[in-house]
Amino acid sequence: MNAPNPALAPGTVIANPFPIENGQLLIGGMPLERLAARVGSTPFFAYDRTIISAHVRALRAALPREIDLHYAMKANPMPAVVQMMVGLVDGLDLASAGEMKVALDAGADPAEMSFAGPGKRPIELWQAVAAGVTINLESPHELDALLAAGKALGVKPRVAVRVNPDFELKASGMKMAGGPKQFGIDAEQVPEVLAEIGRHPIEFRGFHVYSGSQNLKAEALCDAQRKTLELAVRLAADAPAPVRMLNLGGGFGVPYFPGDQSLDLLPVMDNLRAVAADARVRLPQAKLMIELGRYLVAHGGVYVTRIVDRKVSRGHTFLVTDGGLNHHLAASGNFGQVIRKNYPALIGNRADAPAEEEASIVGPLCTPLDLLGDHLKLPRAKVGDFACVLLSGAYGYTSSPLQFLSHPHPLEVLV
Ligand SMILES: *Cc1c(COP(=O)(O)O)cnc(C)c1O
């Protein structure tokens, strides 16, 4: 069966990218029941290497050659996933020294890694300098620790300046730039910081602007990319060395919810081509890149739970599962959503059965927040069936309060 390709299907929402055979979801080609037996226990997250790699390859094919593609590891830092991604992308974006360890263990090239994030501790900066990764400077204060590390280790720290621009990414699920922010250095402060960098033995690399996440509007992304280049050209006038890299950010969103339209990729690719052509003239030594997290991995993952009880309360059916918000906070609606909406969910061993009833999928936690699917139209499910949440390849396992209520942690498998 050919895997549907969301990268090339703008305007359509592919809620379920997994093939179905005899009612069973096929994950990595394996029927769900068989996979669950192999894993040994529920709940678990399963990631499909064929779906993820086909998707990344399709995106690469659409992306202009002169733009590098980086994977933002925090979306899914499972070591096996990172190892796979290393073979598919040009570089990795790290948000901690812990992620750096996983990236280096996976064989990624430190010269193609950048480390962003506020509040980097001195030891993390020290480790990053020793590894030779590019540090995206988030505050003038980080310079002191970088200089100390560089001096002690006898290496020139590689530094890019993360800029908090004077614009914002419109229509973003999460805005991370514009106005007062804990991310990056305010654009108006950057010339001063560049002058300071010029006074020290530092390898200046360029600029990083990350304006927001979870954006489904092509025009908003294009606008931010163009403004980022303008800003970088303006700031380059004060740089101590030519700009070698310009990280344009990412923000490509995933259509999680009913009514969401997937990102129309073609205008974004055309815009990147135009931005790259412009940059070739105005920042001739700069390598351009985008950094994507969820867009690369979300749809290739599924969270699998087992139904342990089926209750009817005053006419409403509850499917009580062995998993919940402790494993998958985002699907419960408590990870940044303003209004709770359902992630796509289905009964993974009755995946092609018609909807016969309305039911809610809940977890075993003693809180009404523990809701994985509210009033879903589902086939009639029994105790022992699998309730599955789709689009769960990003911000699942490591973004959830795993200790809450002291239940066992879920497993993760790459199939
Ligand atoms: C979180 C983050 C990303 C990835 O965001 P997605 O929404 O998963 O694409 C990329 N870059 C930076 C700097 C981030 O903080």
Side-chain angles (χ1 to χ4, degrees), residues 6-7 47 52 55-56 59 63 67-78 81-82 85 89-96 98-100 103 112-120 124 128 133-139 142 160-165 168-169 171-178 181-185 206-218 220-221 224-225 228 245-257 260 262-263 265 268 288-301 329-330 335-337 391-400:
Y47 314 120
I52 295 174
H55 181 55
V56 177
L59 175 65
L63 194 66
I67 309 262
D68 275 0
L69 176 63
H70 281 207
Y71 174 52
M73 273 178 65
K74 78 169 190 283
N76 188 331
M78 183 202 185
V81 168
V82 173
M85 295 303 274
V89 299
D90 303 298
L92 297 178
D93 288 309
L94 325 169
S96 70
E99 288 188 0
M100 186 175 85
E112 306 296 338
M113 287 183 209
S114 55
F115 180 8
K120 298 182 201 75
E124 291 184 291
V133 315
T134 295
I135 292 120
N136 295 351
L137 197 72
E138 304 261 353
S139 93
E142 285 183 348
V161 175
R162 178 170 181 181
V163 185
N164 175 22
E168 59 177 39
L169 177 56
S172 230
M174 243 179 246
K175 288 196 171 86
M176 292 169 72
K181 286 283 180 300
Q182 74 265 49
F183 310 107
I185 298 175
F207 299 109
H208 171 219
V209 176
Y210 189 76
S211 11
S213 276
Q214 183 52 16
N215 202 301
L216 295 170
K217 296 268 182 290
L221 291 169
Q225 290 162 356
T228 298
M245 56 153 274
L246 173 58
N247 186 334
L248 297 163
F252 294 24
V254 170
Y256 289 108
F257 306 121
D260 281 356
S262 67
L263 175 64
L265 205 60
V268 181
L288 267 52
M289 62 205 61
I290 57 170
E291 49 176 356
L292 303 180
R294 71 184 74 214
Y295 189 80
L296 302 185
V297 291
H299 69 285
L329 189 66
F335 190 62
Q337 295 96 321
L391 297 177
S392 296
Y395 303 109
Y397 185 92
T398 59
S399 307
S400 301

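Note that ligands are numbered from 1 as they come in the structure, with each ligand's atoms numbered from 1 the same way.
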> Ignoring hydrogens and geometry, is there a side-chain-to-backbone donor-acceptor pair from E142 to E138 under 3.5 Å?
Replying inline: yes
> Looking only at side chains, do E112 and H70 share a donor and an acceptor under 3.5 Å apart?
Replying inline: no
>> Can you confirm, on distance only, whether ligand 1 has an N/O atom lying under 3.5 Å from any N/O atom belonging to S213?
In response: yes
>> I'd like to check which ligand 1 atoms, numbered from 1 as shown, lie under 4.0 Å from a non-hydrogen atom of A72.
In response: 3 (C), 4 (C), 10 (C)
>> Would you say that V161 contacts N136 through its side chain, given a criterion of any heavy-atom pair below 4.5 Å between the two side chains?
In response: no
>> Quick check: closest heavy atoms across L92 and A103, and the distance to 0.1 Å?
In response: CD1-CB, 3.5 Å
> At a 4.0 Å threshold, what atoms of ligand 1 neighbour a non-hydrogen atom of R294?
Replying inline: 6 (P), 7 (O), 8 (O), 9 (O)
> To which protein heavy atom is atom 9 (O) of ligand 1 closest, and what is the distance rounded to 0.1 Å?
Replying inline: G293 N, 2.9 Å
>> Distance under 4.0 Å to a non-hydrogen atom of Y395: what atoms of ligand 1 satisfy this?
In response: 1 (C), 4 (C), 5 (O), 6 (P), 8 (O)
> Where is the nearest protein heavy atom to atom 2 (C) of ligand 1: which residue, which atom, and how far?
Replying inline: K74 NZ, 2.3 Å
> Considering only heavy atoms from C-beta outward, does the side chain of T134 approach that of M245 to under 4.5 Å?
Replying inline: yes
> By number and element, which atoms of ligand 1 are closer than 4.0 Å to a non-hydrogen atom of E291?
Replying inline: 10 (C), 11 (N), 12 (C), 13 (C)
> With respect to L263, which candidate in N215, L221, V254 satisfies the side-chain contact (heavy atoms from CB on, under 4.5 Å) definition?
Replying inline: L221
>> Suppose we measure from atom 5 (O) of ligand 1 to each protein heavy atom; which comes out shortest, and what is that distance?
In response: Y210 OH, 3.0 Å
